[in-house]
Amino acid sequence: MPIVQAFYNKKQKSHIYFIRHSQVELAYKQAVSKEKGGGDKVNGAKVTTNQTDALLDVGLRSKEPKLEEKINIRKKRMKKILRNWELYLFLLPTVAYFIIFAYVPMYGVQIAFKDFIPTNGIWGSEWVGFKHFTHFFESYYFWDLIKNTLGISVYEMIIGFPLPILLALSINEAKDGLFKRTVQTVTYAPHFISVVVMAGMIIAFLSPSTGMINHVLVFFGLEPIAFLSDPKWFKTVYVFSGVWQGTGWGTIIYLAALAGVDQQLHEAAIVDGASRLQRIWHINIPALVPTMVILFILNMGSILGVSFEKILLLQNSLNMDSSNVIATFVYKAGLLDAQYSFAAAVGLFNSVISAILLVVVNQIARKKSETSLW
Amino acid sequence: MSTVIKDTKADKVFKILNYSFLFFAFIIVLYPLIYIISASVSNPSEVSSGKMWLFPKGVTWEGYKLILQNDLIWKGYLNTIFYTVLGTMVNLLFTIPAAYALSRKDLAGRNLFMGLFVFTMFFSGGLIPSYLLIKNLGMIDTIWAMIIPGACSVWNLIVTRVFFQVSIPKELEEAAAIDGCTNMKLFVRIILPLSTPIIAVMALFYGVGHWNSYFDALIYLSNKDLYPLQLVLREILVVQSMTAEMAGNGMSSSVAEAAHHKAELAAIIKYGVMIVSTLPIIIVYPFLQRFFVKGVMIGSVKG
């Protein structure tokens, strides 16, 4: 505390210094700081702006303080930057990383509009305009890719989005204790299983002859199903394996929001005779809405970017009809067949649509619910 | 909470239903995990015929023996440990100092930097330009392809920044500044010792990420000596199984051939490698669960 006091004293001193230094500047600074500090106060905003203007007028009329002010502000800013030069050093590697590994590829995406020849480099290859895009739009697999990508995403969202909310509400209603802790620990665990092991589990469990699931089906007198070689089943397999793996982990963020609910609300509701279901509906669920909105927006942004690592592992020539999505197509066309420009064009199409979706949904969310990403 | 006012009948019914639902979810998640453990030590024919359904039957350690003898798995394991340790260290180096700098309100231009980072979350050049970049940098088939391209995740950067903003009091920095402490000293002597929780969380997030990733290795590595464990697993669990599944007989890959000669043992090895590859995470998970959860929670505070 004394140290903090010392800091304020120092601040005070500098104010005094300013007073000696230049009356106008002090007045100007105070006005600015008022505007900054109190600017968001409903009534204060307009007044302070006017004050600033007035003071600036005063400033303009006196000798030539405007230039001096400017220099002073710039000097102060430089001082601020110089004093923190080490912080910029902290940032340097990270900034360099993002420029090289995120922005250089964005620059490199121009090969989508070129006929990229590796020996000529990105710059030396010839421009071809939208050739690769039209080629993609007119190809026979275009609509299949869109249908599969959207199909899997929407299916995943319909099943996978509400389940963590439901489970979180349910966990929240359980009494603290061993059972609750065990349920949480076990349901979180699959999150840490790698995609490859997950794919291996799916393949092993769904095998028509030896798989666990088919043994169950046979036990109940049903025909075994070849889940992975039947296009009809692919999306279901993908979505439900994702639900198994991700639902528990997905509850954490909702449980955090539920922990923030004011218990007095519940107490008041109990006194008023609200049942548990009513309390969940009128207190807990509204408390989750902001989180839901944010996650929903983020999901919409990645609706064309289905987590294709799993799809790639589960894909085979028999289920291709429903497992061929944009991302796996880009991988195959670009890296296996080396059609760099074409694949980059398809990938760019994907990124642009995703970015647009994100912005649009965010805009809608901001208007409708006052919760948004930015 | 509701001790004073008794539960109504509807509340009691709700409670029963709620606990049943939780129990159901619990079993659904737990059963496959137990099944894998049991299957990995059971007689393969009992597993494939469906007689083994919960507890191991005809216990045998044959599968684990074969896995331990397999050079590719060993090599993959060592590679993965190497990539995980080195990769995580690089991740921390790129994340923690930058996040601290961004958490400082007196850093001129912090919004500019933040914008630069956040933008990459929502838009990217895509797979192909990134691949070409790595290729042009000459990182294909080197260990750097496993370390550098994922050196920093924006999400983790934001989470770390939020941690610093919330848990490091501003007065501390001001006081240090008055005492003539440089930012570097402040960071090393004061901030780092105070931020062990976030360092642990980040190390765990990044570490698990490295341990489980396969896609970077798939596209950037062709030299089998550099293969991480997940890529070896892919051959055993996916490639070989898929081809066997589809062709009906053993069109097995070289890895699988090296791993086993009898077709029947293929299954037991599969369950075994699932366990072996996830083992480090299984061991640390119960102790570190709260750290993981903490990480997600910090992230949920909007930064």
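Proteins get letters first, then strands, A, B, ... in listed order; numbering begins at 1 in each.
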Trainee: Chain B heavy atoms under 4.5 Å from L167(A): which part of the residue, side chain, backbone, both or neither?
Mentor: both

Trainee: When the side chains of residues 93-110 of chain A are checked against the rest of the protein, which donor-acceptor pairs come out under 3.5 Å, sequence neighbours left out?
Mentor:
residue, atom, partner, partner atom, Å
T94(A), OG1, F94(B), O, 2.6
Y97(A), OH, P149(B), O, 2.5
Y97(A), OH, A151(B), N, 3.4
Y103(A), OH, L116(B), O, 2.4
Q110(A), OE1, K114(A), NZ, 3.0
Q110(A), NE2, Y107(A), O, 3.2

Trainee: To the closest 0.5 Å, what do you measure between CG (L89(A)) and CE (M184(B))?
Mentor: 5.5 Å

Trainee: Got a donor-acceptor contact below 3.5 angstrom from the Y214(B) side chain to the E309(A) backbone?
Mentor: yes

Trainee: What distance do D11(B) atom CG and I270(A) atom CD1 have between them, rounded to the nearest 0.5 Å?
Mentor: 8.5 Å

Trainee: With a 4.5 angstrom heavy-atom cut-off, could you sort out which part of L132(B) is near chain A: side chain, backbone, both or neither?
Mentor: side chain

Trainee: For a quick test of your reading: what N or O donor-acceptor pairs under 3.5 Å do the side chains of residues 18-28 of chain B make, sequence neighbours left out?
Mentor:
residue, atom, partner, partner atom, Å
N18(B), OD1, S170(A), OG, 2.5
N18(B), ND2, S170(A), O, 3.1
Y19(B), OH, K175(A), N, 2.8
S20(B), OG, I16(B), O, 2.5

Trainee: Locate the shortest heavy-atom distance separating L335(A) from I128(B); write the atom from each residue and the value.
Mentor: CD2-CD1, 4.1 Å

Trainee: Assign the ring pair F215(B) / F308(A) to parallel, tilted or perpendicular, where the plane angle (0 to 90°) is split at 30° and 60°.
Mentor: perpendicular

Trainee: Where do K15(B) and R276(A) come nearest, in terms of heavy atoms and distance?
Mentor: CE-NH2, 3.6 Å

Trainee: M212(A) vs Y31(B), test: side-chain contact (heavy atoms from CB on, under 4.5 Å). Steps then yes/no.
Mentor: CA-CA 11 Å; M212(A) 169 182 101; Y31(B) 180 64; 3.6 Å; yes

Trainee: I'd like to know whether E86(A) forms a side-chain contact (heavy atoms from CB on, under 4.5 Å) with F187(B), so could you lay out the CA-CA distance, the side-chain angles of the two residues, the decisive distance to 0.1 Å, and finally the verdict.
Mentor: CA-CA 10 Å; E86(A) 283 154 313; F187(B) 182 68; over 6 Å; no

Trainee: For residues A101(B) and L91(A), report the shortest heavy-atom separation together with the two atoms involved.
Mentor: CB-CG, 3.8 Å

Trainee: Please classify the contact between I280(A) and chain B as side chain, backbone, both or neither, with a heavy-atom cut-off of under 4.5 Å.
Mentor: side chain

Trainee: Side chain from CB out, backbone as N, CA, C, O: work out which of these in T182(A) comes under 4.5 Å of a heavy atom of chain B, or both, or neither.
Mentor: both

Trainee: Output yes when a side-chain donor or acceptor of N84(A) lies under 3.5 Å from a complementary backbone atom of D106(B), and no otherwise.
Mentor: yes

Trainee: Taking atom NZ of K135(B) and atom OH of Y340(A), what is their separation to the nearest 0.5 Å?
Mentor: 3.5 Å

Trainee: Give the minimum heavy-atom separation between A355(A) and F123(B), together with the two atoms involved.
Mentor: CB-CD1, 4.1 Å

Trainee: Examine whether an atom of A189(A) lies under 4.5 Å from a heavy atom of chain B, and if so say whether it belongs to the side chain, the backbone or both; otherwise answer neither.
Mentor: both

Trainee: Verify, without hydrogens or angle tests, whether N212(B) (side chain) and F192(A) (backbone) share a donor-acceptor contact under 3.5 angstrom.
Mentor: yes

Trainee: Which atoms of L298(A) come close to chain B, meaning under 4.5 Å heavy atom to heavy atom: side chain ones, backbone ones, both, or neither?
Mentor: side chain

Trainee: Testing the basics here: between W244(A) and P32(B), what is the closest heavy-atom pair and its distance to 0.1 Å?
Mentor: NE1-CG, 3.7 Å

Trainee: Please classify the contact between S130(B) and chain A as side chain, backbone, both or neither, with a heavy-atom cut-off of under 4.5 Å.
Mentor: both

Trainee: Please state whether the side chain, the backbone, both or neither of Q230(B) comes within less than 4.5 Å of a heavy atom of chain A.
Mentor: both

Trainee: I need the minimum non-hydrogen distance between L237(B) and G200(A), along with the two atoms involved.
Mentor: CB-CA, 3.9 Å

Trainee: Can you check whether T185(A)'s main-chain N or O pairs, donor with acceptor, with Y285(B)'s side chain at less than 3.5 Å?
Mentor: yes

Trainee: Tell me, side chain or backbone of V352(A) under 4.5 Å from chain B's heavy atoms, or both, or neither?
Mentor: both

Trainee: Using non-hydrogen atoms only, which part of I193(A) is less than 4.5 Å away from chain B: side chain, backbone, both, or neither?
Mentor: both

Trainee: Output the option from V273(B), L93(B), L218(B) having the highest count of non-hydrogen pairs under 4.5 Å with chain A.
Mentor: L218(B)

